[in-house]
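Just below is one structure, and these are the notes that go with it.
In the text below, chain A, chain B and the rest are named by the order of the sequence lines, each starting its count at 1. Computed over heavy atoms, backbone and side chain alike; hydrogens, waters and symmetry mates excluded.
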Amino acid sequence: MTIKTRFAPSPTGYLHIGGARTALFSWLYARKMQSKFILRIEDTDRERSTQASVDAIFEGMDWLQLNYDEKPVYQTQRFDRYAEIIQQLLDEGKAYRCYCSKQRLDDLREQQMRDKQKPRYDQKCRSSDTHQHNDDSNKQDYVIRFRNPKEGVVEIDDLVRGTITIANSELDDLIIARSDGTPTYNLTVIVDDLDMGISHVIRGDDHINNTPRQINIMQALGKTPPKYAHVPMILGADGKRLSKRHGAVGVMQYRDEGYLPHALLNYLVRLGWSHGDQEVFSRQEMIDLFSLEGVNKSPSTFSPDKLLWLNQHYLKTLPLDEIAAEMQWHIKAQQLDISQGPALTEVIKAQRERAKTLVDLVANSRYFYEDFAEFNFNAAKKHFKTATPAILQALHDALADVSEWQESTLHAAIMQVCETMDLKLGKVGPPLRVAITGTAMSPSLDVTLKLVGRERSLARILTAIAFNQAKYA
RNA sequence: GUCCCCAUCGUCUAGCGGUUAGGACACUGCCCUUUCACGGCGGUAACCGGGGUUCAAGUCCCCGUGGGGACACCA
């Protein structure tokens, strides 16, 4: 069998975390099997679908580097094909026109709920219809319903759940075409999955209930359904389905907050899937190791903490230039000019283990590129003491004498000041750090000085001396 | 309400009849240390309940309970 998977989002908003994960699973499965993965835009709901959402989905897929094979398919461009199938179903008596008003349907549903019944269509038009109303000149509004089998059961051989059985008596005659003639979801998916040769449908388990209906339509068409793999939902901290209420759900929001796409992918792949105790996966490992058998059956809760840990992990371990590339967007966003100062990769190397996000990384690295307007209040309060001017002056003089502005020589100069003043590094280092960076946290002093550079460093020490003298005058 | 699905530390999970129930995040103790971090070594913490099946059940079956999902002229 030729394997082919798809991701079929409806463009009614951005690409969210849950969608990204099913896209990832589908993508991984296709890549592992060395087969095709395609993207299909399910935009048949013209009320809610927008071009902005379509673009947002592309942007998200692109950022995560989930590449698809073939051009994206838009369902709105396939209306003729759906109409053809609907007509076929009608001709073969497998579908029928229903003239029930919305009002009647609403009342019916209400009544059934009151009677503690599962709301469903009562098949009023199932038999009365057919021929007399088949004349399209009839002005009366109608929808087209699928004639669902009344007896028997539908068995779904789900690749992650095992066998799921649903009685046809639980299903009703679903609408496959609206009164304006446009096709509905359950019809379009199956036509597309069939036409496109999708072999494995990997989707959220909120679709489990739709699956038997879809299988019935496919069987009415004389076709063999694809294989199904329903992956569990992602829940928020309160155990409810993940939504806006739980904070960031849009994939691009994670870019904005400073996450690396690989960190998000790694987090997502481990949510509902596992390979023994392994937590960290490269892209290639994900592809090689992924399997539907490894997918969990139970829903899982999204943990921002673990995502953050993974992000930090990748910040510490990914190649410097890869991080530098991801960092560009944030450098622009935070309006930092890095043209005057040390090489970005050097700064990343020095700073990477004290940042959890790219936002932090950029924000904490400003002083390498530009002078700061004032000293951090708490840092100055804690480390600038009455003895500070003398210490800084000694450091300034010693550093000014350094011939090669290198880590080893800078370190030696600082140690020398400690020795001549008979002070521990703990007394000398902190004020120097505040003087050079304006804050109480930075890489080790020699590295920091080296990167900030001779001119800037000496000037900042002088500024700090003046600040202290004014303060203690 | 009806139907479908699910159930191991707070969270993500390993486990696929016999384990001192393992790992990771978070939390926490100690060490390292010029700051902040990183790192290293420890610690607290789980099989939802009740019945079976079996020599033996976290693992299999049933019933409860709890949670999630579906029940649209949305996808």
Return the value, rounded to whole Å, for the distance between atom NZ of Lys316(A) and atom C1' of rG39(B). 8 Å
Rounding to an integer number of angstrom, what distance separates rA7(B) and rC48(B) when you compare their P atoms? 10 Å
Tell me if the NE2 atom of His246(A) is crowded by more than 12 foreign heavy atoms within 6.0 Å. yes
Whole Å only: how far is the NE2 atom of His313(A) from the P atom of rA26(B)? 13 Å
Whole-Å distance, Ile234(A) CD1 to rU11(B) P, equals 16 Å
Under the 3.5 angstrom rule, does the side chain of Gln117(A) hit a backbone N or O of Pro119(A) as a donor-acceptor pair? no
Kindly say whether the aromatic ring centers of Phe290(A) and Trp273(A) come within a distance under 6.0 Å. yes
If you assign Pro430(A) and Leu271(A) each to the RNA chain B nucleotide with the nearest heavy atom, which residue ends up on the more 5' nucleotide? Leu271(A)
Please state the P separation for the pair rG64(B) and rG39(B) - nearest whole angstrom. 49 Å
Nucleotide-resolved protein contact map, nucleotides 61-75 of chain B, B/S/- at heavy-atom distance under 4.0 Å: -------SBSBSBBB
So that I know where these two stand, are Tyr99(A) and Tyr142(A) an aromatic pair - ring centroids less than 6.0 Å apart? yes
Could you give the CZ-to-P distance, from Arg203(A) to rC5(B), as a whole number of Å? 16 Å
May I ask which nucleotide in the shown strands pairs with rC3(B), Watson-Crick or G-U wobble, both distances under 3.5 Å? rG69(B)
Name the pairing partner of rC25(B), where a pair is Watson-Crick or G-U wobble with both distances under 3.5 Å, or state none. rG10(B)
Please state whether the phosphate of rU11(B), meaning OP1 or OP2, lies under 4.0 angstrom from any side-chain nitrogen or oxygen of Ser300(A). no
My understanding is that a pair needs two contacts under 3.5 Å, Watson-Crick or G-U wobble. By that rule, which nucleotide pairs with rC38(B)? none
Please measure how far the P atom in rA70(B) lies from the corresponding atom in rU28(B), and state the result in whole Å. 38 Å
Salt bridge present between Asp172(A) and Arg213(A) (N-O < 4.0 angstrom): yes
Interatomic distance at P, rA56(B) relative to rG43(B), whole Å: 34 Å
Applying a 4.0 Å non-hydrogen cut-off, can you work out what Pro443(A) is touching in the nucleic acid: base, sugar-phosphate, or nothing? base
Rounded off to whole Å, could you give me the OH-to-P distance for the Tyr228(A) and rC4(B) pair? 19 Å
What verdict does the side-chain hydrogen bond (donor to acceptor under 3.5 Å, both in side chains) test give for Asp446(A) and Ser444(A), after you've listed the backbone C-alpha separation in whole Å, the side-chain angles of each residue and the deciding distance to 0.1 Å? CA-CA 6 Å; Asp446(A) 44 7; Ser444(A) 64; 2.7 Å; yes
Contact class for Gly204(A) (heavy atom, under 4.0 Å): base, sugar-phosphate, or nothing? nothing
Syn/anti state for rC38(B) [syn: chi within 90° of 0]: syn
rG66(B) and rG29(B), which share atom name C1', separated by this distance in whole Å: 36 Å
Phosphate-side-chain proximity, Gln278(A) and rU13(B), N/O vs OP1/OP2 below 4.0 Å: no
Looking for any heavy atom pair under 4.0 Å, which part of the strands does Glu293(A) touch: base, sugar-phosphate only, or nothing? nothing
P atoms of rC32(B) and rG40(B), separation to the nearest Å: 16 Å
Close residues, residues 444-452 of chain A, relative to RNA chain B [heavy-atom separation under 4.0 Å]: Ser444(A), Leu445(A)
Arg354(A) side chain: which of rC6(B), rC36(B), rU13(B) is closest? rC36(B)
Would you call Asp107(A)-Arg104(A) a salt bridge at under 4.0 Å N-O? no
Quick check against the 3.5 Å criterion: does Arg456(A) have a side-chain atom that pairs as donor or acceptor with the backbone of Leu451(A)? no
In whole angstroms, the gap separating P of rU35(B) from CZ of Phe384(A) amounts to 17 Å
Short side-chain N/O contact to rU35(B) OP1/OP2 from Ser442(A), under 4.0 Å: no
Under 3.5 Å for both donor-acceptor distances, Watson-Crick or wobble: does rU19(B) have a partner, and if so which one? none
Hey, is the side chain of Thr301(A) poking within less than 4.0 Å of OP1 or OP2 on rC12(B), counting only N and O atoms? yes
Please give the distance between the C1' atoms of rA14(B) and rU54(B) as a whole number of Å. 25 Å
Please give, in whole Å, the distance from rU34(B) P to Leu410(A) CG? 17 Å
Quick one: are Arg40(A) and Arg78(A) in side-chain contact, heavy atoms under 4.5 Å? no
Is Asp371(A) salt-bridged to Arg460(A), going by a charged N under 4.0 Å from an acidic O? yes
Could you please name the option among rU34(B), rC38(B), rA26(B) that lies closest to any side-chain atom of Asp305(A)? rA26(B)
Salt bridge or not between Lys102(A) and Asp141(A)? Use side-chain N to carboxylate O under 4.0 Å. no
With respect to the side chain of Arg433(A), which nucleotide from rU34(B), rA37(B), rC6(B) is positioned closest? rU34(B)
Distance check needed: rC36(B) P versus Lys382(A) NZ, whole Å only. 6 Å
Using the C1' atom as the point on both nucleotides, what is the distance between rC6(B) and rC27(B), in whole Å? 28 Å
Check: Tyr185(A) ring centroid to His207(A) ring centroid under 6.0 Å: yes
Measure from the ring center of Phe375(A) to the ring center of Phe384(A) and say whether it is less than 6.0 Å. yes
Its contact letters, B for base, S for sugar-phosphate only and - for none at protein heavy atoms under 4.0 Å, make nucleotides 16-24 of chain B read ------BBB
Taking all atoms of both residues into account, what is the closest heavy-atom pair of Gln351(A) and Ser365(A), and its distance? NE2-OG, 3.2 Å
Are Tyr314(A) and Glu322(A) side-chain neighbours, meaning at least one heavy-atom pair lies under 4.5 Å? no
For rG64(B), the nucleotide meeting Watson-Crick or G-U wobble distances (both under 3.5 Å) is rC48(B)
